[in-house]
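Since the structure is predicted, the reported quantities are computational estimates derived from the model, not experimental observations.
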Amino acid sequence: TNGIDIIIIKDISNIREREAGFIVILKKTAGLILELLISIFVIICVSALPTLFRGISFNFKEFLMTIKNVFLSLLHPQDITYGWTVEKSLFPQIFLHYKETILLIMTSILISTILSFLFTYLILLVFQKVKRKIMWFLTIIESLPDIFYIIVFQFLMIVIYKQTDRLLFNVASAGEDRAFFLPILCLSLPLILLLTKFLIQQFEREGEKLYVEYAVSKGMTPLYIFNVHIWKNVLFSLYHYSKTAIWFVISNLIILEFMFNMTGIIYFVLRNSTPEIFVIGILMIYLPIFLFYRICEWLLPAIIRGEAID
């Protein structure tokens, strides 16, 4: 009888655990949907802001009407058009511009992350003696405006072309000739400087913690501690800092697409500046980032998200 009672109690506790887990998932899903709806509503309101002002007076009626029209348009996206002289369907044309922007962003982030870790590794393990000078140099270069890199690289390509009669890389997009290498370079370089400086500071901060001294006392080599323990903890910090890096990249896209005459999603939204297109363009950039970090918050442990005590 006691054995049967124990089995029943275990089954009941298992059922309660499953129910509790299911309730947690429902709460997280409901919170995700609510946060997503609020974000979409805010973006719609921002798209309708120009109609709020008429001269020096406010026009709330037209503002609310614009919000309503945008909302109704989003319910039927296949009917949204763009173009002033000849109206064309927004879809699938907007995906072509979106693809160019996303490819640029993903390539730049990937290259910047890999090179930042490589440079950090070299500076801390090989060029330790001149680390302060390197950090000073990174600070000076990082203070330069992003447009400076664009102008310098475009100017260098033009000079090389005049001297050798060979254009190494396109300095701007024109027709079928697309500028791709230079935009990636100009978008990656400031991010490499930003991430390298951040990673060096994080590695130094981790190196001063007690667990490093404890590992040294256990006879572990500095290289092993660096590669196994410090490296892992810095990755946790990088996850938290990645939001800043991503928004840094996106903010630079406006200048980048303009200077290189690229026809990315930002170019398309600015050229066809209707509230509906603005909302769709912003959502196409915002939603993947929003969902990525929300999924990470669900899947990753609290310590990785920076929510646990060290």
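- Listed for the Tyr293 side chain is a donor-acceptor partner under 3.5 Å among the backbone atoms of Lys243.
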*Step by step, would you call Lys197 with Thr139 a side chain to side chain contact (heavy atoms under 4.5 Å, CB included)?*
CA-CA 8 Å; Lys197 188 176 179 181; Thr139 303; 3.2 Å; yes
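- Listed for the Thr196 side chain is no donor-acceptor partner under 3.5 Å among the backbone atoms of Thr120.
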*Apply the test side chain to side chain contact (heavy atoms under 4.5 Å, CB included) to residues Phe119 and Leu138: give CA-CA distance (whole Å), side-chain angles for both, the deciding distance (0.1 Å), then the verdict.*
CA-CA 12 Å; Phe119 292 152; Leu138 291 177; over 6 Å; no
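- Heavy-atom contacts from other residues, nucleotides or ligands closer than 6.0 Å to CD of Gln163 number 12 or fewer.
- If you chain together hydrophobic residues whose side chains sit under 4.5 Å apart, Ile250 and Leu110 never meet in one group.
- Taking hydrophobic clusters as Ile, Leu, Val, Met, Phe, Trp and Tyr residues chained together by side-chain heavy-atom distances below 4.5 Å, Val46 does not share a cluster with Leu37.
- The side-chain heavy atoms of Phe117 and Leu235, taken from C-beta on, include a pair separated by under 4.5 Å.
- A pairwise comparison of heavy atoms in Val171 and Ala179 identifies C-CB, 4.5 Å as the closest pair.
- Crowding of Trp136 atom CH2: a count of heavy atoms from other residues, nucleotides or ligands under 6.0 Å not exceeding 12.
- In summary, of the residues considered (Tyr161, Phe181, Phe260), a ring pair (Phe, Tyr, Trp, His ring centres under 6.0 Å) with Phe169 occurs for Phe181 alone.
- Between the CE atom in Met106 and the CD1 atom in Ile184 there is a gap of 12.0 Å [rounded to 0.5 Å].
- With values rounded to the nearest 0.5 angstrom, Thr66 atom OG1 is found 8.5 Å from Asn59 atom CG.
- Linking ILVMFWY side-chain heavy atoms closer than 4.5 Å, directly or via other members, places Ile33 and Ile43 in two distinct hydrophobic clusters.
- Pro275 approaches Ser47 most closely through the heavy-atom pair O-CB, 3.7 Å.
- Looking only at side-chain heavy atoms (C-beta outward), Arg271 and Tyr82 stay at 4.5 Å or farther from each other.
- Counting heavy atoms from C-beta outward, Tyr149 and Leu193 have side chains that approach closer than 4.5 Å.
- Grouping the Ile, Leu, Val, Met, Phe, Trp and Tyr side chains by contacts below 4.5 angstrom, directly or via other members, places Leu72 apart from Val279.
- Looking only at side-chain heavy atoms (C-beta outward), Asp146 and Phe248 come within less than 4.5 Å of each other.
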*Show your reasoning for whether side chain to side chain contact (heavy atoms under 4.5 Å, CB included) applies to Ile151 and Met259.*
CA-CA 9 Å; Ile151 295 174; Met259 294 294 292; 4.2 Å; yes
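- Counting heavy atoms from C-beta outward, Gln93 and Lys88 have side chains that stay 4.5 Å or more apart.
- Taken from CG in Leu90 to CD1 in Ile277, the straight-line distance is 5.0 Å, to the nearest 0.5 Å.
- More than 12 heavy-atom neighbours from other residues, nucleotides or ligands sit within 6.0 angstrom of CZ on Phe91.
- Distance check: Phe268 CZ to Ser273 OG gives 11.0 Å after rounding to the nearest 0.5 Å.
- Residues Glu62 and Thr51 come closest through the heavy atom pair O-OG1, 3.9 Å.
- Residues Phe63 and Cys45 come closest through the heavy atom pair CE1-O, 3.6 Å.
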*Evaluate side chain to side chain contact (heavy atoms under 4.5 Å, CB included) for Tyr267 paired with Thr101, printing each intermediate quantity in order.*
CA-CA 10 Å; Tyr267 160 87; Thr101 298; over 6 Å; no
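- When hydrophobic residues (I, L, V, M, F, W, Y) are linked wherever their side-chain heavy atoms come within less than 4.5 Å, the members clustered with Val159 are Phe155.
- The hydrophobic cluster containing Leu96, built from Ile/Leu/Val/Met/Phe/Trp/Tyr side-chain heavy atoms closer than 4.5 Å, comprises no other residue.
- Taking the side chain as every heavy atom from C-beta outward, Leu182 and Asn170 never approach each other to under 4.5 Å.
- Side-chain contact between Phe258 and Ile150 is absent, with no heavy-atom pair separated by less than 4.5 Å.
- By the 4.5 Å heavy-atom criterion applied to side chains, Thr274 and Ile80 are not counted as neighbours.
- In terms of hydrophobic clustering, with Ile, Leu, Val, Met, Phe, Trp and Tyr side chains grouped at heavy-atom distances under 4.5 Å, Leu74 and Met65 are assigned to different clusters.
- Annotation: the span from Tyr239 atom OH to Cys296 atom SG amounts to 4.5 Å, rounded to 0.5 Å.
- The nearest pair of heavy atoms linking Leu256 to Pro183 is CD2-O, 3.6 Å.
- The nearest pair of heavy atoms linking Ser108 to Leu187 is OG-CD2, 3.4 Å.
- The distance from atom CD1 of Ile40 to atom CG of Leu36, rounded to the nearest 0.5 Å, is 4.0 Å.
- Around the CZ atom of Phe71, the shell of radius 6.0 Å holds no more than 12 heavy atoms that belong to other residues, nucleotides or ligands.
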